[in-house]
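Here the structure comes first, spelled out in structure tokens, and everything after it is commentary.
All values derive from a computational prediction rather than experimental measurement.
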Amino acid sequence: MAQTESPQPILSIRRLKKHFGHIEVLHAIDLDVQEGEVVAIIGASGSGKSTLLRCVNWLESPTDGEICFRGTLVSAANATTVRREIGMVFQRFNLFPHLSAVDNITLAPQRVLGQSGKESLTAALELLERVHLSDKAYSFPGELSGGQQQRLAIARALAMRPSLMLFDEPTSALDPELVGEVLEVMRSLAQEGRTMLVATHEMGFARDVADRVIFLEAGGIVEQGPPEQVLVNPRQERTREFLARVLDR
Amino acid sequence: MRAYAASRLEGSIPRWCGFRAILVALAALALLVSASGASRADDLDQIRSRGTLIIGSDATYPPFELFKDDKYEGFDIDLGNEIGKELGVRTEWVNVAWDGIFAALKGGKFDLVMSDVVLTPPRMKEMAFSEPYFLSGQAIARRKGDTSVSKPEDLLTKRVGVQIETTGQAAVKKLGVPDDRIIKYNTMQLALLDVRNGRDDAAVGDIPALKAMILKGYPELEVAGPVFKHEHYGVVMRLGEPRLLAAVNEALDRIMADGRYARIYRKWIGEPLPAGSIDELHRIRAEGTSMGAASKTGSAFSIRWDVLGKTVPLMARGARMTLLLTLLTLVFGTPLGLIFALMRLSSVRPLRWLSIVYVEVVRGTPMLILIFVVYYVMPAVHISLPQFQSAVIALSLNAAAYISEILRAGIESIDSGQMEAARALGMDYRAAMRWVILPQTIRRVLPPMTNEGVALLKDSSLVSLIGMTELARVGSEQAAETGSPITIYLGVALFYLAMTLPLTYAVHLLERRYQPVSRPGRPTPAAAPAGPVKEIAG
């Protein structure tokens with residue numbers, strides 16, 4: 001779990017650039033993520049955290065640069081295949097409102113992996129138990145609280161058995177009292193050794209769970225390192241300013 | 001002027017009357033294209049080789065032609081059947097609205113037109129006429145005893161109803177009646193109805209038809225004075241068919257010579273041929289026969305239950321056709337609309353443009369034009385489809401444009417996060433559309449699709465232009481036949497309601513079933529026991 005220099009990172013990003021029109025949202029990002037590593041990305045709104053994550057699974061196509069996932073260069077041609085192994089959890093959940101909790105989870109395994117109804121259902125019920133939603137198996141997203149919805153969304157992503165999980169500010173849309181239950185699920189995922197890339201405003205989560213914290217500002221990496229370094233004794237002035245602003249609130 | 005008439009009459013005139021000029025242009029186009037095509041075999045040879053003489057007629061005009069009890073009958077029908085016998089072939093009749101009848105003849109839909117067509121110099125330039133087979137003329141109908149309408153000159157200060165695009169309209173115009181007081185109706189029946197109702201002072205039309213209609217359904221009306229403009233009816237065919245023309249003329253000569261003509265005349269005109277004071281005798285008899293129930297009830301708005309009862313089966317058949325047309329239109333129009341919607345949302349620019357052009361052209365032109373093009377213009381490029389197929393195709397092509405816009409708006413209304421979530425799970429575009437976007441779209445477009453379905457149900461009446469006997473057409477035919485248009489149209493309206501209300505209600509139920517939050521029939525959180533979910537689901 002610790003940050004050892006293994007020769008083959010699961011995710012390798014080189015000189016990643018993303019423009020929206022004339023605005024450069026990301027410039028020349030380099031980032032390696034090792035198997036089993038939990039990386040927290042912090043930074044102000046608009047610093048490019050979400051865009052970085054969305055480039056990894058090609059929801060946004062990069063303007064320039066390379067993304068290698070498990071040794072494969074990701075491109076428009078193979079993005080659909082690569083996405084099967086990269087789970088994503090969205091800020092606004094994006095659950096399928098016309099499907100029950102179980103159907104939300106089994107849809108992709110059935111339609112993408114060709115799993116049988118029984119096989120995917122068994123797996124779905126196990127996943128629901130993991131995120132403490134066994135009693136909501138046949139509820140619809142509209143009947144669930146925000147925290148329950150996000151936990152369901154995590155279960156849905158896990159159902160594809162991904163080797164990398166992307167979390168795009170998973171607690172930002174939640175009422176404060178519901179944040180804890182989602183973070184608790186994420187913490188347990190980290191503990192079982194999953195590889196996670198988490199864009200977050202939760203400094204406590206980053207400090208306790210992440211192996212590495214990356215501070216992003218204006219589309220570039222300002223500072224990165226173990227949480228105790230970046231969050232407690234930042235080397236960069238800009239990091240200090242950001243933390244002062246965030247922790248002040 | 002036309003706008004005035006339309007607003008004055010509101011519902012009485014079908015909404016497509018305003019497009020007549022465009023139709024004429026399209027008919028001309030059809031003619032032009034067909035004229036430039038390869039020369040065909042002689043019409044007479046074609047008739048003999050197929051063993052059938054096909055005659056077009058607007059069968060809403062007793063006593064000359066009427067579609068009644070699934071059969072054509074009338075003076076023209078009997079005479080046409082005799083002509084067929086003389087040519088040694090069977091006779092087949094095609095029912096076509098007057099508006100489209102000559103265009104259909106030129107488009108090759110039939111060999112002859114027999115629909116009490118008056119010989120006029122402009123018509124004779126466009127088409128070939130046989131020798132005259134009936135002496136007729138324009139006469140005036142007025143409310144009984146209204147002596148202020150006695151001679152043609154009296155009309156100059158009155159409101160006069162005519163059937164649109166008839167020689168009656170031309171005659172009234174020629175008398176000098178100003179345009180804004182010539183009220184043009186889709187059928188003669190409607191013109192007579194408005195005289196009876198007092199909205200117009202007089203109606204002008206062919207005397208045999210006027211007499212027959214008054215006799216049947218307008219005891220409050222009478223024919224004023226003698227014919228003021230003599231006219232002759234002829235059998236119409238395409239130009240450049242000398243052999244067919246000669247054969248028809250020979251047939252007419254023989255039918256007139258051997259007494260068959262006199263029998264037909266007597267049968268349908270109700271008088272021996274020739275007769276002295278035919279008009280006067282006929283009028284008296286007319287008064288005698290229909291004085292009864294109709295005049296006693298008095299009101300022009302009385303409902304004749306006996307008439308309604310007799311026509312309900314016919315209306316039910318028309319309603320079935322309307323329903324069939326609507327369902328087929330939805331069955332073909334919805335997938336086509338989905339294709340256009342997906343093209344519109346595609347990132348491929350030519351597809352997007354193709355879809356935009358299609359939708360804008362179809363939405364921007366009246367459906368009547370599309371029906372007209374499919375039925376009357378396509379034969380010019382050798383695609384000649386029967387009425388039913390033409391109707392379904394035209395309606396579907398039209399509906400697809402509207403449905404594609406409904407579906408596009410529906411798809412675009414689905415939050416982009418849905419597509420992202422589906423793609424992030426590894427689904428390709430098709431799977432994401434099929435399993436995530438479209439199921440949600442369907443729920444959202446149900447209300448506008450219901451509107452479209454109801455609109456289709458009613459718009460399908462436009463196919464009566466090409467002679468499809470659906471509910472609206474049954475209505476106008478029966479209004480003509482029974483002389484009780486109010487009764488008939490009330491029945492027609494009830495039939496339409498009987499179709500639209502259950503549809504709206506069914507969709508309402510569906511909408512409730514599709515509430516996005518929960519669905520009945522599945523265990524709800526309250527109903528499902530918390531623990532043994534596995535057992536229930538397994």
Go through A/Val112 and B/Asp428 one step at a time and tell me if the side chain to side chain contact (heavy atoms under 4.5 Å, CB included) criterion holds. CA-CA 8 Å; A/Val112 177; B/Asp428 57 18; over 6 Å; no

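- Both the backbone and the side chain of A/Phe96 come within contact range of chain B, judged by heavy atoms closer than 4.5 Å.
- The minimum heavy-atom distance between A/Pro97 and B/Gln418, with the atom names listed, is CD-OE1, 3.4 Å.
- Heavy-atom proximity under 4.5 angstrom to chain B picks out A/Arg54, A/Asn57, A/Leu59 from residues 46-63 of chain A.
- Taking CD of B/Glu420 as the start and CG of A/Asp168 as the end, the distance is 9.0 Å to the nearest 0.5 Å.
- At least one side-chain heavy atom of A/Leu107 sits under 4.5 Å from a side-chain heavy atom of B/Met427.
- For A/Arg92, the CZ atom is loosely surrounded, since the number of other residues' heavy atoms within 6.0 Å does not exceed 12.
- For B/Ala431, no part lies near chain A; criterion is any non-hydrogen pair under 4.5 Å.
- Looking at A/Leu95, the atoms closer than 4.5 Å to chain B (heavy atoms on both sides) all sit in the backbone: N, CA, C or O.
- Considering all non-hydrogen atoms of both residues, A/Arg156 and B/Ala421 come closest at NH2-CB, 3.5 Å.
- Using a 4.5 Å heavy-atom threshold, the side chains of B/Val436 and A/Leu99 count as separate.
- Annotation for A/Arg161: atom CZ does not count as buried by contact number, only 12 or fewer foreign heavy atoms lying within 6.0 Å.
- Between A/Met160 and B/Leu425, the closest side-chain pair of non-hydrogen atoms falls below 4.5 Å.
- The part of A/Arg111 that comes within reach of chain B is its side chain, from C-beta onward, which places non-hydrogen atoms under 4.5 angstrom from that chain.
- Minimum heavy-atom separation, B/Pro439 to A/His98: CB-CD2, 3.5 Å.
- Within the structure, ring pair (Phe, Tyr, Trp, His ring centres under 6.0 Å) contacts touching residues 351-370 of chain B (residues at least two apart or in different chains) are B/Phe340-B/Tyr358.
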